[in-house]
Amino acid sequence: MIPTHQPLTAKDLNFFGVAAALLGFVGFTVCLWLLVWVGLDKEGKVKRPFYWLAVALVVSFAVMVWGLTKA
């Protein structure tokens with residue numbers, strides 16, 4: 001990338017990268033909220049049926065980071 005004197009505009013952003021970053025952010029936020037408030041017991045251990053939330057949390061974080069690198 002060659003630096004220029006022009007500022008970055010919305011036209012310079014990749015639509016799919018921005019959409020993936022937003023989708024990953026929303027997924028990460030929802031999964032984190034569900035994991036903390038619904039998926040943990042009183043001792044702080046993950047309840048058995050909610051291990052999929054931990055996997056979804058990691059996947060949504062990866063989608064968010066990938067989208068940020070492509071935007």
Could you give the distance from [atom1] ([X]) to [atom2] ([Y]), rounded to the nearest 0.5 Å?
X	Y	atom1	atom2	answer
L34	W52	CG	CH2	6.5 Å
M64	T29	CE	OG1	7.5 Å
L35	F28	CG	CZ	10.0 Å
L53	W33	CG	CH2	11.0 Å
F25	L68	CZ	CG	10.5 Å

According to a hydrophobic-cluster definition based on side-chain heavy atoms being under 4.5 Å apart (Ile, Leu, Val, Met, Phe, Trp, Tyr only), do [X] and [Y] belong together?
X	Y	result
Y51	F61	yes
F16	V63	no
L57	W37	yes
V59	V65	no
L13	L23	no

Looking only at heavy atoms, the pair that brings S60 and G27 closest together is OG-C, 3.6 Å
